[in-house]
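Only one structure is covered here, and it is reproduced in the block below.
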Amino acid sequence: MLNVYLFLAFSALWVIFFIYAWSLSRRQRRLRKELEELRSSLEGGRGEWKSDVRTAEGNSQSTRKT
Amino acid sequence: MGKKLPTTLLIVTLAWMILASGMIFLYAPQELTMGEVQRIFYIHAPSGWVAGTAYFIVFLSSVVYLWKRSPLADDLAHASAEVGFVFCSCLVVTGPLWAKPAWGIWWTWDARLTLTFVLWLLFASYLMLRSYISNPERAATLAAVVGIIGFVDVPVDYMAIRWWRTQHPQPVIAGGEGSGLDPRMFLTFMVCVGAFHCLFGYLLLQRFRLAAARRDLGALRRALAIRPSEE
């Protein structure tokens with residue numbers, strides 16, 4: 001029969017490792033999400049920048065015409 | 001580094017852990033006086049060895065950080081302290097589970113047990129120090145100092161059962177005359193030490209990559225925040 005202390009020791013070991021592995025993967029997921037957010041905000045920023053440039057170009061052309 | 005190394009290391013670790021578990025329960029003979037509970041030794045002692053290795057890496061990385069101010073050395077020290085804390089927790093939890101049936105008590109403040117508890121506190125204080133100080137460079141410097149000074153505990157803890165009479169059993173590996181293990185027990189123990197170090201290596205690699213990625217992300221955020229004012 002399996003000794004209760006032996007069972008508890010092995011269970012504790014695996015519980016500790018699983019909790020740590022879960023915490024590591026949770027942090028990795030959060031980091032990936034932050035990277036995605038940064039990437040999307042960068043792409044959004046680039047879009048705004050392009051539209052600003054277009055507006056500026058349009059303004060300068062209309063000024064030249066006048 | 002890519003994805004190949006972590007995947008290979010994970011496969012090797014899992015295979016090694018399965019082999020170690022099989023050897024603990026199917027290959028190693030039952031100890032005569034303690035019986036089944038002695039098998040805790042195969043997870044308790046390797047956890048201690050890995051905790052020592054982890055603190056040694058913290059010590060070396062801390063020296064390199066203070067000398068070269070290398071952020072990678074700081075990341076490695078931080079990662080090793082965190083993973084070492086996990087293994088040291090296993091050591092501190094499995095010890096009393098062996099002590100209760102063997103000695104009749106969960107804990108006693110003898111030299112070995114006290115120094116091991118101090119090691120666990122050192123890991124914990126290292127991690128707490130890093131999380132409480134908001135300035136990253138200041139946190140890294142102070143943590144490196146703790147990492148170097150605290151390392152004194154590791155060799156003293158290892159030698160405690162050789163230097164002083166303790167409740168903790170006398171060494172069975174490298175313990176001199178009259179000590180030693182049955183060859184099958186010794187082989188099982190060494191396989192367990194290898195498996196635990198492999199698991200430590202895998203977790204350390206994952207934690208180190210996480211720290212490096214977080215540092216890169218922080219640098220990118222700072223660069224993006226600075227750019228508009230520069231323009």
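In the text below, chain A, chain B and the rest are named by the order of the sequence lines, each starting its count at 1.
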When rounded to the nearest 0.5 angstrom, what is the spacing between CZ in A:Arg39 and CG in B:Leu220? 10.0 Å

Go through B:Ile24 and A:Phe10 one step at a time and tell me if the side chain to side chain contact (heavy atoms under 4.5 Å, CB included) criterion holds. CA-CA 11 Å; B:Ile24 291 170; A:Phe10 274 82; 3.9 Å; yes

Would you compute the distance between atom OG1 of B:Thr94 and atom OH of A:Tyr5 and round it to the nearest 0.5 angstrom? 14.5 Å

Heavy atoms only: give me the nearest A:Ala12-B:Val93 pair and the separation to one decimal. CB-CG1, 3.7 Å

Quick check on the interface: out of B:Gln38, B:Arg39, B:Glu82, who has the most heavy-atom pairs with chain A under 4.5 Å? B:Glu82

Side chains of A:Leu13 and B:Ser47: closer than 4.5 Å at any heavy-atom pair? yes

Taking heavy atoms only and a threshold strictly under 4.5 Å, list by residue number the residues of residues 83-90 of chain B that touch chain A; give 'none' if the list is empty. B:Val83, B:Val86, B:Phe87, B:Ser89, B:Cys90

Flag the pair B:Arg209 / A:Gln28 as yes when at least one side-chain heavy-atom distance between them is below 4.5 Å, and no otherwise. no

Testing the basics here: between A:Arg27 and B:Leu210, what is the closest heavy-atom pair and its distance to 0.1 Å? CB-CD2, 3.8 Å

Using non-hydrogen atoms only, which part of A:Leu38 is less than 4.5 Å away from chain B: side chain, backbone, both, or neither? side chain

Let me confirm one number: the CG-CZ distance from A:Leu6 to B:Phe25, rounded to the nearest 0.5 Å. 4.5 Å

Using heavy-atom distances under 4.5 Å, tell me whether A:Tyr20 contacts chain B through its side chain, its backbone, both, or neither. side chain

Determine, for B:Arg221 against A:Glu37, whether the closest basic-nitrogen to carboxylate-oxygen distance falls under 4.0 angstrom. no

Atom CZ of B:Phe56: over 12 foreign heavy atoms under 6.0 Å: no

For atom CD1 of B:Ile105, decide whether the heavy atoms of other residues, nucleotides or ligands shown that lie under 6.0 angstrom number more than 12. yes

